[in-house]
Amino acid sequence: MSDPAKPVHSLSESLLRWYGEHKRPLPWRKNKDPYKVWLSEIILQQTRIDQGRPYFERFAAKYPDVHSLANADEVEVLNLWQGLGYYSRARNLHHTAKFVSGKLGGNFPHTQKDLRKLKGIGEYTSAAIASICFSEAVPVVDGNVMRVISRIYLIPDALNDTAQKAKIYKHAVNLLDRSNPGDFNQAIMELGSLICKPFKPECEICPVSSFCGAYKHQKTTEYPKPKIKLVKKERSLFFLIPVFNNGCSLLTRRNTSDIWKGLYTFPLLDKEKHKERLQRKLAEKACPIETISIKHILSHQIILADFLRFQIKDRGEFCDLWNYATGEMVNIVKEDAISSTKDLLSMEEKSNIFEIEFDELFLKYPLPRLISKYLEKRPLEKI
DNA sequence: AATACGGGGTA
DNA sequence: TACCCAGTATT
């Protein structure tokens, strides 16, 4: 597995020495509070530190411990998460906070095995918490570690090949400093993020370059081979922004296991045919439509969004319009008829579209970035 | 074993 | 533009 001429313990030693000497960018880990470590790890999943840091600060300030997070409303949590993406992380965060607070007396499990059972905590996060907070000798293998080990041991295709991925894990176990797993794990991740970067790694200042096969052969750019890209699917969405005579509009909560689950958007059509029928009907009424198109590119799909804004009498007339366009009935209630999230959830089976004052939109409800982008272009001033 | 799930940063 | 990111849950 490893080159016997180069004992791995000195690789680990070099790494730890380097880690001890340079400034750590994640100070909240120092006190090893499982709640804070957990919170930061969830926020940082698939997220750069600079992007996640302000979110962590806001969460830690608003919810200093697991009980305060558990007692929060889910919509409130999603609101604080707004814009960060992968919203199931926020829903699972809240679910797990309630579980730890209510069933475990506020104490997180101490082992990777038990941490792993909590919602939103997988292989990586359980290992990170167990090693950092409880000094359990388990390695973390994230994207950084994968890249570092791929280069050191010349394992080319760990991102696509299961067998090679397993090799990476074995090396990670072998390298781990069992007397200091928390620091070691942070050290190897930080090496990947600061030195052993995907592009232009800084091998000249790398503390373990003398152990690195890719550096030795000047082939760092070939390791690891890029992950096979998935085809982005195009998808058209037509958001409807009716402006009622009373100055209100409509909002809907997304409940399907689709994108933006748990967030709020304008009611939308996803069939070209339905959109055309709606446009035709509005034209008959001599009702002008203002259309703004936005192309929203995500990692797995390209959303072509048309925002259709139009003036209409009231929600009753909108129901007729919707019915005409889609052939489906809808039931729309007033926002102030909903006093809590619970009401909203129980109402969802019938209809989850509700009438709302423009001002309320930004304050109470978590919106996808796409909707925020639209509102930046076209604010919803009252008429 | 694949696929879905956001959004922003970087070269 | 293409790729990557301190991954997990679902299918």
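Naming: A, B, ... by sequence-line order, numbering from 1 per chain.
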inquiry  = Counting only side-chain nitrogens and oxygens, does Gln301(A) get under 4.0 Å of the OP1 or OP2 atom of dA4(B)?
reply    = no
task = Look at the side chain of Lys229(A) and decide which nucleotide, out of dC4(C), dG7(C), dC3(C), has an atom nearest to it.
result = dC3(C)
key: N/O (side chain, Gln46(A)) to phosphate O (OP1/OP2, dG7(C)) under 4.0 Å   = yes
ask   = Cation over ring, Arg277(A) on Tyr324(A), under 6.0 Å and within 45°?
value = yes
ask   = Expressed in angstrom and rounded to an integer, what is the separation of Arg235(A) atom CZ from dC5(B) atom P?
value = 7 Å
message = Using a heavy-atom cut-off of 4.0 Å across all strands, would you classify Ile121(A) as base, sugar-phosphate, or nothing?
response = sugar-phosphate
message = Please classify the nucleic acid contact of Asp50(A) as base, sugar-phosphate, or nothing, using heavy-atom distances under 4.0 Å.
response = nothing
ask   = So do the side chains of Asp314(A) and Asn245(A) get within less than 4.5 Å of each other, counting heavy atoms only?
value = no
request  = Answer yes when Glu276(A) and Lys273(A) have at least one side-chain N-carboxylate O distance shorter than 4.0 Å, and no when they do not.
outcome  = no
note = Here the distance between atom P of dG9(B) and atom CD1 of Ile297(A), to the nearest Å, is 15 Å
ask   = For dG7(B), does either OP1 or OP2 sit under 4.0 Å from a side-chain N or O belonging to Trp260(A)?
value = yes
query = OP1 or OP2 of dT8(C) sitting under 4.0 Å from any side-chain N/O of Thr125(A)?
reply = yes
query = Hey, does the side chain of Arg147(A) come within less than 4.0 Å of dC4(C)'s phosphate (OP1/OP2), counting only N and O?
reply = no
task = Spell out yes or no: do the side chain of Ser299(A) and the base of dG6(B) have one donor N/O and one acceptor N/O closer than 3.5 Å?
result = yes
key: Under-4.0 Å side-chain N/O to phosphate OP1/OP2 contact, His296(A) with dG7(B)   = yes
ask   = Could you give the CG-to-C1' distance, from Asp161(A) to dA2(B), as a whole number of Å?
value = 15 Å
ask   = Going by atom types only, do Ser68(A) and Asn71(A) share a side-chain donor-acceptor pair under 3.5 Å?
value = no
Atom-to-atom span, CZ of Arg254(A) to P of dA4(B) - whole angstrom = 15 Å
task = Classify the nucleic acid contact of Gly83(A) as base, sugar-phosphate or nothing, counting any heavy atom under 4.0 Å across all strands shown.
result = sugar-phosphate
inquiry  = Taking atom types as they are modelled, would you say the side chain of Tyr86(A) forms a donor-acceptor pair with the base of dG6(B) within the 3.5 Å cutoff?
reply    = yes
key: OP1 or OP2 of dA4(B) under 4.0 Å from side-chain N/O of Lys233(A)   = yes
request  = For nucleotides dG8(B) and dT8(C), find the distance between their P atoms and express it as a whole number of Å.
outcome  = 22 Å
query = Rounded to the Å, how far apart are Arg369(A) CZ and dG9(B) C1'?
reply = 14 Å
request  = Return the value, rounded to whole Å, for the distance between atom NZ of Lys295(A) and atom P of dG6(B).
outcome  = 20 Å
message = Any side-chain N or O of His300(A) below 4.0 angstrom from OP1/OP2 of dC5(B)?
response = yes
message = Please classify the nucleic acid contact of Arg48(A) as base, sugar-phosphate, or nothing, using heavy-atom distances under 4.0 Å.
response = base
remark   = Quick note, Asn92(A) side chain, CB onward, closest among dA9(C), dG7(B), dG7(C) is dA9(C)
task = Would you mind classifying the nucleic acid contact of Lys119(A) as base, sugar-phosphate or nothing, using non-hydrogen atoms under 4.0 angstrom?
result = sugar-phosphate
query = Within 45° of the six-membered ring axis of Tyr55(A) and under 6.0 Å from that ring's centre, is NZ or CZ of Arg58(A) located there?
reply = yes
task = Describe the nucleic acid contact of Ser40(A) in one word from base, sugar-phosphate, nothing, applying a heavy-atom distance below 4.0 Å.
result = nothing
message = Distance check needed: dG7(B) P versus Arg53(A) CZ, whole Å only.
response = 22 Å
request  = Using the closest heavy atom to pick a nucleotide of DNA chain C for each, name whichever of Met189(A) or Leu118(A) lands nearer the 5' end.
outcome  = Met189(A)
request  = In plain terms, say whether Glu74(A) and Arg91(A) are close enough for a salt bridge, that is, a side-chain N and a carboxylate O under 4.0 Å apart.
outcome  = no
inquiry  = Using the side-chain heavy atoms of Thr162(A), tell me which of these nucleotides is nearest: dG7(C), dA1(B), dG7(B).
reply    = dA1(B)
note = Side-chain contact check for Gln51(A): nearest option of dG8(B), dT8(C), dC5(B) is dG8(B)
request  = Scan residues 119-145 of chain A for pairs that pass ring pair (Phe, Tyr, Trp, His ring centres under 6.0 Å), counting only residues two or more places apart or in two chains.
outcome  = His110(A)-Phe134(A)
message = By nearest atom, which of the nucleotides dA1(B), dG7(C), dC4(C) is closest to the Pro226(A) side chain?
response = dC4(C)
request  = In whole angstrom, give the distance that lies between atom NZ of Lys261(A) and atom C1' of dC5(B).
outcome  = 12 Å
message = Among dA4(B), dG7(C), dG6(B), which nucleotide has an atom closest to any side-chain atom of Arg89(A)?
response = dG6(B)
